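Hydrogens, waters and symmetry mates are skipped; everything else that's a heavy atom, side chains included, is used. Just so we're clear, the structure is a prediction, and the values are computed from it rather than from any experiment. Along the sequence shown, residues are numbered consecutively beginning with 1.
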Amino acid sequence: MGTPFWAATEVEARGDGRYTADLDARWNLRPLPQGGIITAAAVRAMETELAHDEQRPRTLHTTFAAQVGHGPLEIDVEVLRAGRSMSQLRAAVRNPGTARGHLTTCVFGGPRAGFEFTDLCPPEDIPRPEDCPSYRDPPPPGAQVFPPTPFWDELVDGRPALGHAPWDDYVPDRAERAMWFRFDETPFLDDGRLDPLALIVLADTMPGAVGEKIGPQDRMWFAPSVDLTVHLLDDCRSSWVLGHNRARYAGDGYASADMALWDCGEDGAATPRLVAYATQLFLFTFPT
């Protein structure tokens with residue numbers, strides 16, 4: 001497998017539903033690996049265990065029960081039901097020697113007859129990726145310089161299309177942002193599709209909508225994930241993916257958010273197609 005994403009989600013079968021993997025430290029985000037990449041590895045193991053080319057991942061839910069660090073991973077897969085048109089599997093990911101980690105349930109399904117529509121729209125007048133600044137651009141003089149993060153500096157390029165930078169002086173309004181995402185080495189499949197599991201990684205970037213709503217804060221905060229649900233809806237054939245992120249509620253130390261991922265063509269100007277929709281609950285923590 002030739003991209004960092006495929007290397008990170010490559011699993012090795014050990015028999016009886018047991019798999020191992022090895023996660024590069026570059027996927028860490030202050031200080032643990034991004035939850036989406038671990039979830040993607042779990043789904044890869046379930047996909048391998050099911051071994052049903054006509055059934056694709058349709059929906060998945062991860063509960064982040066305990067921390068999972070980079071390095072060696074153990075993945076235990078259970079086939080809950082293997083059907084002719086739909087199957088359900090569950091995978092537990094943990095580091096060796098630990099009792100708990102992340103638990104993911106995934107539903108795989110084949111194509112079916114039904115209705116077709118998308119009753120959701122991305123924000124209007126979004127600039128194209130080439131016209132947006134990158135996370136990798138240096139901040140303006142006098143602005144806070146953040147420590148380098150290999151996830152954003154080497155693996156995934158993020159370009160804000162709607163919202164404000166941390167150093168902007170603005171009056172907070174809506175808990176909403178839009179971002180262009182692209183993997184530095186895009187994991188395209190042989191048929192020209194972006195690997196659907198890569199969308200899981202892009203979906204797990206939702207706390208930014210809260211930052212847009214509350215504005216700059218004197219006190220540093222983080223938002224570890226409690227859970228993550230992703231619906232994989234349509235094929236994505238562009239390296240650039242537009243993520244439209246809203247936070248719907250915050251209270252009692254938690255927040256609820258959602259993410260719609262759109263394929264707008266390679267130049268960001270094609271008619272948008274909804275390729276994934278995700279929701280998440282996260283909590284707030286304030287380092288002392």
request  = Kindly indicate whether the side chain of Asn95, heavy atoms from C-beta on, has any atom under 4.5 Å from the side chain of Leu73.
outcome  = yes
inquiry  = If you take the centroid of each ring, where Trp contributes its six-membered ring, are Trp221 and Phe286 closer together than 6.0 Å?
reply    = no
query = At what distance, to the nearest 0.5 angstrom, does CG of Asp24 lie from NE2 of His70?
reply = 8.0 Å
task = Of all the heavy-atom pairs spanning Gly35 and Phe64, show the shortest one and how long it is.
result = CA-CE2, 3.7 Å
ask   = Can Thr186 and Ser239 be counted as having a side-chain donor-acceptor contact under 3.5 angstrom?
value = no
remark   = In this structure, CZ of Arg56 is separated from CG of Asp235 (nearest 0.5 Å) by 4.5 Å
inquiry  = Any carboxylate oxygen within less than 4.0 angstrom of a Lys/Arg side-chain nitrogen, looking at Arg273 and Asp234?
reply    = yes
message = Looking at Asp153 and Arg26, is any side-chain nitrogen of the basic one under 4.0 Å from a carboxylate oxygen of the acidic one?
response = no
query = Would you say the side-chain atoms of Glu74 and Thr20 include a donor-acceptor pair closer than 3.5 Å?
reply = no
request  = Indicate the atoms forming the closest heavy-atom contact of Pro72 with Pro96, along with that distance.
outcome  = O-CD, 3.1 Å
message = Return the NZ to CZ distance between Lys213 and Arg246, rounded to the nearest 0.5 Å.
response = 9.0 Å
Other residues, nucleotides, ligands: >12 heavy atoms within 6.0 Å of Glu54 CD = no
ask   = Is there a path from Tyr277 to Ile200 through hydrophobic residues (I, L, V, M, F, W, Y) whose side chains come within less than 4.5 Å of each other?
value = no
task = Consider only side-chain heavy atoms of I, L, V, M, F, W and Y, link residues closer than 4.5 Å, and tell whether Tyr254 and Phe282 are in one cluster.
result = no
remark   = Tightest non-hydrogen contact, residues Leu261 and Gly243, listed as CD2-CA, 3.7 Å
ask   = Linking I/L/V/M/F/W/Y whenever their side-chain heavy atoms sit closer than 4.5 Å, directly or via other members, would Ile37 and Leu189 fall into one cluster?
value = yes
inquiry  = I'd like to know if Met259 and Leu233 are part of one continuous hydrophobic network [Ile/Leu/Val/Met/Phe/Trp/Tyr, side-chain heavy atoms within less than 4.5 Å].
reply    = no
message = Ignoring hydrogens and geometry beyond distance, is a side-chain donor-acceptor pair present between Glu47 and His52 at under 3.5 Å?
response = no
query = Are Val201 and Phe181 connected, step by step, through hydrophobic side chains (Ile, Leu, Val, Met, Phe, Trp, Tyr) whose heavy atoms are closer than 4.5 Å?
reply = yes
query = Heavy atoms, side chains only, cut-off 4.5 Å: are Gln55 and Ser87 in contact?
reply = yes
query = Between Glu212 and Arg177, does at least one N-O distance fall below 4.0 Å, as a salt bridge requires?
reply = no
ask   = Does a side chain donor of either Asp227 or Thr63 reach within less than 3.5 Å of an acceptor in the other side chain?
value = no
note = What one should report as the nearest heavy-atom pair of Leu232 and Ala276 is CD2-CB, 4.3 Å
ask   = Looking only at side chains, do Thr229 and His61 share a donor and an acceptor under 3.5 Å apart?
value = yes
Atom pair CH2 (Trp6) and CG (Leu197), whose distance is rounded to the nearest 0.5 Å = 11.0 Å
Arg14 bridged to Asp76 by N-O distance under 4.0 Å = no
ask   = What is the minimum heavy-atom distance between Pro127 and Trp180, and which atoms define it?
value = O-NE1, 2.8 Å
note = Of Trp27, Phe183, Phe146, Tyr135, the one forming a ring-ring contact (aromatic ring centres under 6.0 Å, His included) with Trp152 is Tyr135
note = For Ala41 and Ile75, the nearest pair of non-hydrogen atoms, with its separation, is O-CD1, 3.9 Å
message = Within the supplied structure, the quantity of interest is the number of heavy atoms (other residues, nucleotides, ligands) at a distance under 6.0 Å from Tyr170 OH; does it exceed 12?
response = yes
inquiry  = With heavy-atom distances below 4.5 Å as the criterion, would you say the side chains of Pro147 and Arg30 are in contact?
reply    = yes
ask   = With the threshold set at 4.0 Å, does a side-chain nitrogen-carboxylate oxygen contact exist between Arg159 and Asp137?
value = no
Spatial distance of atom OG (Ser256) from atom CD (Gln280) [nearest 0.5 Å] = 9.5 Å
key: Arg128 side, atom CZ; Leu242 side, atom CG - distance, nearest 0.5 Å   = 13.5 Å
query = Salt-bridged, Arg248 to Asp258, with N to O below 4.0 Å?
reply = yes
